[in-house]
Amino acid sequence: MKRMTGGRAVAAALKVEGIEHVFGIVGTHDCPLFDGIRDEPSIRAVTVRHEQGASLMAAGYARASGKVAACFVVPGPGLTNALTGMGMAHSESAPMLVFGGQNAYAQLEREGGHFHELANSVNVARSVCGYATRASEPNDIPKVVREAMRAMRCQRPRPAYIEVPLNVQSSEADVALLPAETYARPAGDATKIAEAAEALKSAKRPFIFAGGGVESAEATPQLLRVADSLGAPVVTSVFGRGAISDRHPLALGDGWGRLNLYDELLAQADMVLVIGSRIDVVSDVNVGARFPQRIVQVDIDPLVLGQRRPVEVGIVGDAKAVLDALARKLGSKAQACWFDVEDFRRRKHATLLQHCGPVLTLIEDLRAAMPEDTIFVDDLTLVGYWMPLLMDTYQPRTLIHPGTYGTLGYSLPAAIGAKLACARQPVVSISGDGGFLFTMQELATARALNLDLIALVFNDNGFGAIRTYQDRMFGGRQIGAELVNPDFVKLGEAFGANSVRVDAKDVGAAVRRAHESGGLWLIEVPFAPEGSVQMVPWMP
């Protein structure tokens, strides 16, 4: 045992767990937590400009790397500000460890009008967490941190919340630190895996639907082995982009949207292997309604199995472990693919060019301008909506989309988190004018960190998707969709960013120049294409 404060116990537990970054804002109710990590060289404190930015940075950090970052927030407004990013991470299955300060233990749940008081704060946090608790004394901290890490590492990864009252943060006690632990995820029931292998062998025309669980498990090699053994083309969900390179001969890209690009595949296929996906409404508007009757589903979360459609075989387990076992049972001999992937790709590109030509051209220019390992982080904006469908992706964790929770302002802070986690990879943030102003203050964080980061802002002076939606659904009766914006170039310069305004046709050249120059860049792009291109892939 070692004598230490609760704040120092948190730092010691974080060090044991290998956590290297803490995002947050120092306040009266979390100051002892920050003080605890002050003299711990393995942990870097990142001061953000809003607690929502802290939790979104932690989410982007996890999405880009699979690693866990921590957040320190004050109770009351600090926690409620951070809830947006925590909800985002809960939806997209990203781990983060949030420590909430709190009034002294004796003051809790008495509604005494104490500073930053929020009733039932642990339950508030629990609504967007996989694990939530309160530490009642310093010696509790290593244990609850370990429990939180187990929940994130051994189950479906989601945020964890630990509340630490002020007296627990500040008081000293003899604290028993725990040794490092290797976390094991469930390997899947062997009998079920054998049943799944036999079912897949019996299929004549199988395909694979790969979700974010493949990336969470770092299971790309195992996915490719199974796909080759079956001769099965692979469709990915929004969260699964990059699980298979778009250059792979079995890759069909993202299955998002209402364009019915995959009708031919779905009409012919007689089985689907769903791996690490909820088949959510963003990935498939019909939530699997057109999938074949025969479904084998693999997921670490037992609640996901059969949630959308009845399954022939359901396996609770880690995608990497289960796919590895399936690959061994299926054998190493590659099968010829039953589906003409190259012809599909040509027809898909022609259809997309017809529906969204200007956006497709812009995204292809952007893709060609940057290295293959560039991490693109998009927001809810016209270009961002189309990114999963149009952007060729070659490596896991290199296309990060906000998905079903749909948080405006996600891109910039998530991109900062991604850059901190993956310092050697270029990172590009893609926002619209509306979403960018939700979190643009985090440019100050990026500048303080001296990050090489490119922030693209596509400006149509409005909430463009909503404007289009109102046109379609309300006969052109618009309200609340027009915006008055600042001069984004001057705004970027005020934050110390290299700032330019370029035409859409020059985006590729501008981004390449920014990448080669290094530093923090804000690139504004006036972009308001006319016609059907204004739609987003899931819009009715």
Side-chain angles (χ1 to χ4, degrees), residues 1-45 54 58 68-76 78-79 82 95-110 112 114-126 129-154 159-183:
M1 287 190 177
K2 292 184 179 181
R3 191 79 178 172
M4 62 182 70
T5 66
R8 190 72 189 99
V10 168
L14 294 182
K15 181 180 180 180
V16 168
E17 301 297 344
I19 291 176
E20 299 173 340
H21 287 87
V22 172
F23 302 102
I25 298 175
V26 181
T28 56
H29 286 69
D30 62 6
C31 208
L33 295 176
F34 278 96
D35 183 72
I37 64 171
R38 183 184 183 278
D39 297 322
E40 180 47 69
S42 67
I43 301 173
R44 185 181 188 181
V68 178
C71 298
F72 289 171
V73 300
V74 299
L79 173 59
M96 71 171 70
L97 183 54
V98 181
F99 289 86
Q102 184 51 278
N103 289 296
Y105 205 89
Q107 298 171 338
L108 299 185
E109 315 303 346
R110 295 191 178 190
H114 301 292
F115 192 47
H116 290 336
E117 186 174 68
L118 173 66
N120 301 313
S121 52
V122 174
N123 286 332
V124 170
R126 186 173 283 119
C129 289
Y131 175 93
T133 193
R134 176 184 292 150
S136 59
E137 58 182 63
N139 198 37
D140 284 345
I141 290 169
K143 180 186 69 173
V144 296
V145 170
R146 177 58 49 82
E147 289 173 353
M149 293 298 295
R150 284 176 178 165
M152 290 186 287
R153 289 308 193 195
C154 302
Y161 177 77
I162 299 172
E163 188 167 275
V164 190
L166 263 176
N167 63 300
V168 179
Q169 295 180 42
S170 301
S171 61
E172 286 191 350
D174 292 326
V175 177
L177 298 176
L178 300 176
E181 180 172 294
T182 300
Y183 298 106

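Just so it is clear, the structure is predicted and the values come from calculations on it, not from any experiment.
Electrostatic pairing of R8 and E40 counts as a salt bridge here, judged by a charged N lying under 4.0 Å from a carboxylate O.
Residue I37 holds its CD1 atom at 10.5 Å from NE2 of H21, rounded to the nearest 0.5 Å. Between the CD1 atom in I162 and the SG atom in C129 there is a gap of 10.0 Å [rounded to 0.5 Å]. Summarising the geometry, atom CZ belonging to R150 is positioned 9.0 Å from atom CD belonging to E17; distances are rounded to the nearest 0.5 Å. The NE2 atom of H29 sits 12.5 Å away from atom CG of L79, with the distance rounded to the nearest 0.5 Å. Atom OG1 of T5 and atom CG of D35 lie 7.0 Å apart (nearest 0.5 Å). Rounding to the nearest 0.5 Å gives a distance of 12.5 Å between CG of D174 and NZ of K2.
Closest approach of A11 and G36 over heavy atoms only: CB-O, 3.2 Å. For A70 against I19, the heavy-atom pair with the smallest separation is N-CG2, 4.0 Å. Here the closest heavy-atom approach between residue I141 and residue G6 is recorded as CD1-O, 3.3 Å.
Residues R146 and V16 are in side-chain contact: their nearest non-hydrogen atoms beyond the backbone lie under 4.5 Å apart. A heavy-atom distance below 4.5 Å is not found between the side chains of F99 and V22. Residues R134 and S121 meet the side-chain proximity criterion, which asks for heavy atoms closer than 4.5 Å. Looking only at side-chain heavy atoms (C-beta outward), L14 and L97 come within less than 4.5 Å of each other. Here the side chains of M152 and Y131 are not in contact, with every heavy-atom distance at 4.5 Å or above.
A donor-acceptor contact under 3.5 angstrom links the side chains of E163 and Y161, judged on distance only.
Environment of CZ in R126: crowded, with over 12 heavy atoms of neighbouring residues, nucleotides or ligands closer than 6.0 Å.
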*Evaluate the criterion side chain to side chain contact (heavy atoms under 4.5 Å, CB included) for residue pair M4 and L177; output intermediate values, then yes/no.*
CA-CA 11 Å; M4 62 182 70; L177 298 176; 4.3 Å; yes
